[in-house]
Amino acid sequence: MKLMLLSLLCSFAICTVSAQSLPIKRKLQATRTIAAPRIDGDLADEAWKQVIPASEFIENRPVPGRKEQHDRRTEVRMIYDDHAVYIAARMYDHPDSIAHELVNRDNIGNADFIGIIFDTFMDGMNGNGFYVTAAGVQFDAKYSQNGDEDSNWNAVWESKVKRDETGWSAEIRIPYAALRFSGKDVQSWGVNFNRKRQKANQQLFWNEVDPKVSGFINQAGLWEGIKGIKPGLRLSFSPYLSTYLKHYPFNTPNVKNTVMAFNGGMDVKYGINQSFTLDMTLIPDFGQIQSDNRILNLTPFEVKFDERRQFFTEGTELFNKGDLFYSKRIGSIPSYFKDVSGDLRDGEKIIKSPLEAKVLNATKISGRTAGGLGIGLFNAITSSMKTLVEGEQGNQRELESQPLTNYNVFVLDQSLKNNSSITLINTNVLRRGNAHDANVSAFLFNLNDKANRYFVNGAAKMSLLTGVGDENSRKGFNTELKFGKKSGTWTWFYLQKIADAKFDPSDMGFFTNNNFFDQQFNYGYQVYKPSSWYNKWEAWSNLRYSRLYKPGSYQNFGVDGNYYVEFKNFWSVETNFDWQRKGQDFYESRNAGRVFQTGENYGVKVYVNPNKAKAYNFGGNVGYRKNLLLNGKAYDAFLFQNFRLNDKISFGLDIDYQPRFNYAGWVQNSGSNIIFSSYDRHTMENSIDAKYSFNNLMGITLVVRHYWSDRRNKSFYTLDTNGSLIPLTGEPPAGTNRVYNVFNADLIYQWQFAPGSELSVAYKNSAEGYEELYRKKYTRNLDAILSGPQNNSLSVKVLYYLDYLDLKKKR
């Protein structure tokens, strides 16, 4: 075994191998300037005249490897001084070929852009991207591993653009405070320039990015000979003030229908040294983020929601390694919630029970040394939450439903050659009082060969819960192994995952079930060379097999095939076919040890996507699934439409309809009986979005969503000990039909009145309805939710960015 592991390591990142190397990187010599250029979009500054431009960009799509046309050429010049990096970019083009839609910051919209990507530590995996569109809108992102993009990362930098009769130009200033780099006197950075011509659906890079090669940052060029740069003191403060006016008709004595609140807090960024940064938020305010898209969940597992709180999304690439960090556990969706109903006295009832915990503060320290060692520390504290109960005489008291909780993450991530890495990560949750604590540790490795074609990665994880029920502790483990070929026309991988019955990372991670032995084999073929009728096409397939880990019982087996093609008009079609044989579901019964025999099923789905460069575009998908158990059938129909009236105004409409017939599922456990039913279910989701942009720094957005789903039980069954369904004798359970309605409207005005500073005004309306008595018609459900009690809020928030060095200069 030891010889096998050594051989494997030598075949990848540790030993020198004989393999086809990546293409030679293009190089750009660094030029220091004495006089910094003025950032106004005019490239006539003296500082640019003696700089040799980066030019002759190479197309990535639709025709990989093709050189750009001379009359649409790109020229980028880059210089630096003691304070910042400066970029001057000239994009030649016909004026009517330039797209320049106005959108909010960190969006591209329908616009051309120019981007600069830095790999300051030259590890081929981690980078920062700075983009500006032809409308002057900024977009920045962090990149990790093989090009995973974190668009929530934000930095403060300057840019200006100008359009004229021969194209458009951009000037950019990126202060060193926005970057992390080593303290070497002479250093080289990885760099690439990225241009997008939206109307032509054309993307180009200075250093060629071959789509057949896995990764993006590893295909950057070199910026050589950077001398004597220091970031200086990186210290900034972003204090905020906010006020809220909320109204909900509780209509309950001693509970106010309308409340008003004032909040204040601060975000702090401090550059500990050239490579490491501390981010801290004190008494944060997340009241203006977009509402979660809640649904009716009939599964035994929780639903995973997207994180939208900026502090928990930006710069978290280190903490997200190993899939152990689900940031919504912190405050938004905590895993621990005490049921206080057992503590109620005679005659008491629950008046108010908050489900979310307030975040008191959160801190991140992260960075990477010159030797490629990434270090991350994360800490957050949430306050205890109280459930308000009231007695028969009107006297009220509070019961603790969530204790004061401390969340921690620690990461060590060592970069190796050939874009490889090894990682140690630990998550820890500590709760005050008798609630249980949790600790999860993991070792991860990601190894690639010299040509970045073949890979092997894996993980070993261990969870430890202490103070759980009658147990002093509960320890579990999980292992993962994946290897295959990721570059080239043909790609494949094999994946194996194992977890015992006690592995549980849910206190800080997202978790559905344990006790599994899963295997998957994937095979793919990609053609990126266009023909007379297509730009590219891809085909891939999967084999999946799952068993319980202990006892080793079969769970499911399935196969699927997918085909994707992009046509010459930039429309695309994707088809998906899948089949699953009869299986054993050990979770649907909500009773440990009881299995449900699932039916053989198969389905097909077709996706159609338009050329989104058009002012009006539409697309969607249709699908059909057949389940041989109880003759179940499912249909899917989704349609989206987008319309741009002009560069300032645009609208979108999404309609999603999902009818289900004769599906089988759990209803309730009644004594020794486990009750199932065959049911019909109709789900309809409509959402409308609109935006109006005054300019590249100010705009209004509106998102309206209505979701309705029901369950209409038809026939009832009991679950036999062998997992089959037996028709129920006697009276069927009452009140088991279900209807869920949710309505949200978010109207937000944003104005970036200074770099890093923002004024926002948000109006939110939300309503939620859950009823056993169902209404069959969609219009009746829409009317019911709109006529029911509404939760309205109006908030104003001002955040101001203060840079210590700027303040020092002014002083």
Side-chain angles (χ1 to χ4, degrees), residues 244-261 286-287 291-292 294-298 300-303 305 328-360 381-405 429 431-436 467-469 506-507 590 667-670 711 733-744 764-774 784-785 787-793:
Y244 287 84
L245 181 64
K246 298 182 180 181
H247 177 267
Y248 181 82
F250 289 104
N251 297 325
T252 302
N254 300 319
V255 178
K256 294 181 179 179
N257 291 343
T258 302
V259 295
M260 193 170 185
F286 304 119
S291 307
D292 288 332
R294 298 190 177 276
I295 64 172
L296 173 62
N297 181 20
L298 299 182
F301 310 120
E302 71 170 312
V303 177
F305 294 103
K328 289 186 77 73
R329 289 283 180 250
I330 302 172
S332 183
I333 309 177
S335 63
Y336 179 87
F337 185 84
K338 182 181 178 181
D339 182 4
V340 300
S341 58
D343 298 330
L344 297 179
R345 300 167 183 165
D346 291 340
E348 282 188 330
K349 60 181 179 180
I350 295 175
I351 300 298
K352 195 174 182 180
S353 181
L355 298 178
E356 297 187 0
K358 184 176 180 58
V359 180
L360 298 177
I381 298 175
T382 60
S383 64
S384 63
M385 302 301 289
K386 310 290 185 180
T387 295
L388 182 65
V389 301
E390 185 177 79
E392 293 178 340
Q393 306 301 319
N395 53 310
Q396 296 182 348
R397 66 189 182 106
E398 291 181 330
L399 300 175
E400 185 177 79
S401 55
Q402 294 181 44
L404 180 75
T405 307
V429 180
R431 298 182 175 93
R432 186 176 64 182
N434 297 324
H436 75 268
V468 187
S506 62
D507 288 84
R590 276 74 163 179
V667 175
Q668 66 181 31
N669 292 348
S670 176
R711 172 178 177 156
T736 54
N737 292 319
R738 300 178 67 181
V739 166
Y740 179 70
N741 274 281
V742 62
F743 176 83
N744 297 103
K764 290 189 174 187
N765 173 267
S766 63
E768 188 176 29
Y770 177 84
E771 305 174 52
E772 290 186 350
L773 179 64
Y774 66 86
I785 197 67
S787 60
Q790 308 288 304
N791 193 338
N792 292 277
S793 70

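We number each residue from 1, following the sequence as shown. Side chains are part of it too, since the values below use all heavy atoms of this structure and drop only hydrogens, waters and symmetry mates.
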Looking only at atom types and distance, does a side-chain atom of [X] sit under 3.5 Å from a main-chain N or O of [Y], one as donor and one as acceptor?
| X | Y | answer |
| --- | --- | --- |
| Asp292 | Arg294 | no |
| Thr736 | Ala734 | no |
| Arg431 | Ala435 | no |

Over all atoms of both residues, closest heavy-atom pair of [X] and [Y]:
| X | Y | answer |
| --- | --- | --- |
| Ala357 | Gln402 | CB-OE1, 3.5 Å |
| Gly331 | Val359 | CA-CG2, 4.3 Å |
| Ile785 | Gly769 | CD1-N, 3.5 Å |

If we only count heavy atoms from C-beta on, is the [X] to [Y] side-chain gap below 4.5 Å?
| X | Y | value |
| --- | --- | --- |
| Met260 | Tyr244 | no |
| Asn765 | Phe743 | yes |
| Leu399 | Leu344 | yes |
| Thr258 | Leu245 | yes |
| Pro403 | Tyr336 | yes |
| Val667 | Arg711 | yes |
| Leu296 | Arg738 | yes |

How many angstroms lie between atom [atom1] of [X] and atom [atom2] of [Y], to the nearest 0.5 angstrom?
| X | Y | atom1 | atom2 | answer |
| --- | --- | --- | --- | --- |
| Met385 | Glu398 | CE | CD | 10.0 Å |
| Leu360 | Thr382 | CG | OG1 | 7.0 Å |
| Leu404 | Ser384 | CG | OG | 6.5 Å |
| Leu298 | Tyr740 | CG | OH | 12.5 Å |

Take a 6.0 Å sphere around [atom1] of [X] and say whether it holds more than 12 heavy atoms from other residues, nucleotides or ligands.
| X | atom1 | answer |
| --- | --- | --- |
| Lys338 | NZ | no |
| Lys246 | NZ | no |
| Asn395 | CG | yes |

Anything under 3.5 Å between a donor and an acceptor, one on a side chain of residues 345-356, the other on a protein residue two or more places apart or in another chain? List them.
unit_1	atom_1	unit_2	atom_2	d
Glu348	OE1	Arg345	N	2.8
Glu348	OE1	Arg397	NE	3.4
Glu348	OE1	Arg397	NH2	3.0
Glu348	OE2	Arg397	NE	2.8
Ser353	OG	Thr387	OG1	3.3

Are [X] and [Y] linked by a side-chain donor-acceptor pair shorter than 3.5 Å?
| X | Y | answer |
| --- | --- | --- |
| Asn251 | Asn257 | yes |
| His436 | Asp507 | yes |
| Tyr248 | Gln790 | no |

SB check Arg329 Glu302 (cutoff 4.0 Å): yes

